[in-house]
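Notes follow once the structure below has been shown.
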There are 2 protein chains.
Amino acid sequence: MLAGVESFAQRGYHATTTRDIAGSAGMSPAALYVHFPSKAALLFAISRSGHEQALAVVQEAAESTDSPVEAMREIVERFVAWHARRHTVARVVQYELGALPEREYEIVANLRRDIERIVRDLVARGVEEGAFTVADPGTAARALLSLGIDVARWYSDRSRKTPEVLGKEYGQLALRMLGAARS
Amino acid sequence: MLAGVESFAQRGYHATTTRDIAGSAGMSPAALYVHFPSKAALLFAISRSGHEQALAVVQEAAESTDSPVEAMREIVERFVAWHARRHTVARVVQYELGALPEREYEIVANLRRDIERIVRDLVARGVEEGAFTVADPGTAARALLSLGIDVARWYSDRSRKTPEVLGKEYGQLALRMLGAARS
DNA sequence: AGGGATTGTAAGCGAGCGCTTAGCGCGGAT
DNA sequence: ATCCGCGCTAAGCGCTCGCTTACAATCCCT
């Protein structure tokens, strides 16, 4: 699986051959089929596990406090840091979705909807409580998630900032974006 | 080229066959090779043209006014609207970079650096003039660009908001993110 | 009207793809 | 001591890929 993550993240699913993965794992191509019935099944295993991790990160952050402002800060900080720290997995999670077979796609699409719902609901609650000021909670939630997701596209091990520092900075930017009072 | 954009945007470069493109253009596979020496050359033609358009959008927006705040509003509005309106081209531009041969990649990478530089310099100038308040102009510029780029990933023709409306909303969010006085 | 350039087609080549088959070595339960 | 089953390899099958070749129709310029 690690070899698959590495290969898919670097070259993309369709540009990766089963021989690439096997070679990167120090095995023969046939060895893959002992563990996964197909190349697509390997992608699904990686993608589902990655999505479950991302969802867990967001869920725990959302439940860490009652204050919408602090909860949102935690979500953005951890979500961004996760995309930076685990940027190889995150790249597969965020950008190889389209390569999944339909049934498998539906499963991870549900996990993605869960993530979006948590963020959208928290923005909406913050607006109701007067903590945030945004025109459209849906658009704001989209923008917040975009900030995190796009980190997977450009972050590399040679980036100067640590995932945690980047998370803190993005957390600040996000709260200001939401018009949070005194952030 | 249009058939190529459509195919690459929908399935990704590596998952697209020359027969797909030819079929979508109502031609035989061999007809492609009258116009482009290879599938990669077609991708490059699309990618370069798309990057040049995006750069032009940002450049014109940046030069439209002397005020950093208003210039940044124009940049984000137009950059976001472009990614929504031309989301098929934008998808190829933003997410099929890695499929380009090295020499061709360098050329579009330079166009991308131009775009980033304009945004980064404008953030820096705004900070100097006291119009913006951000900890790190580089990070802020990254975040601003991420907002626009990620639109290409999720925007579809069935989205409820028009590209222009979406641009206006993102423009507001962006200015608040930058701590712009009175936005 | 003639003729080269342009734009297309039908057919198919060599290579590399995902995946299968047949069989081997070895750790652990009996 | 035996032997089963798991994890693996070598070899290769059938297919589709990007691209080429040989040739035909059409356009435009004189």
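For the numbers below, each heavy atom of this structure counts, side chains included, while hydrogens, waters and symmetry mates do not. A, B, ... follow the sequence lines: proteins, then strands. Residue 1 opens every chain.
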Between the side chains of A/Thr139 and B/Glu169, does any donor sit under 3.5 Å from an acceptor? yes
I'd like to know if A/Arg19 reaches the base of C/dG18 with its side chain, counting only an N/O donor and acceptor under 3.5 Å. yes
Look at the side-chain N and O atoms of B/Thr18 and state whether any lies under 4.0 Å from the OP1 or OP2 oxygen of D/dG18. yes
To the nearest 0.5 angstrom, please state how far the CG atom of A/Asp157 sits from the NE2 atom of A/His87. 4.0 Å
Can you tell me if A/His35 touches the phosphate of D/dC8, counting only side-chain N or O atoms and a distance under 4.0 Å to OP1 or OP2? yes
A/Leu32 CG to D/dG7 C1': how many Å, rounded? 12 Å
Flag yes if more than 12 heavy atoms outside A/Lys168 fall under 6.0 Å of its NZ atom; otherwise flag no. no
When rounded to the nearest 0.5 angstrom, what distance separates OG1 in B/Thr162 from CZ in B/Arg85? 9.5 Å
Minimum-distance nucleotide (side-chain atoms of B/Val34 versus C/dG12, C/dT7, D/dC8): C/dT7
Touch check for A/Thr17, heavy atoms < 4.0 angstrom, all strands: base, sugar-phosphate only, or nothing? sugar-phosphate
Could you state the CE-C1' distance from A/Met27 to C/dC19, rounded to the nearest angstrom? 16 Å
Rounded to the Å, how far apart are A/Leu42 CG and C/dC19 C1'? 14 Å
From CZ of B/Phe36 over to P of D/dG18, roughly how many Å is that when rounded to an integer? 16 Å
d(NE2, B/His14; C1', C/dC17) in whole Å: 14 Å
How close or far is atom P of C/dA22 from atom OH of A/Tyr33, stated in whole angstroms? 18 Å
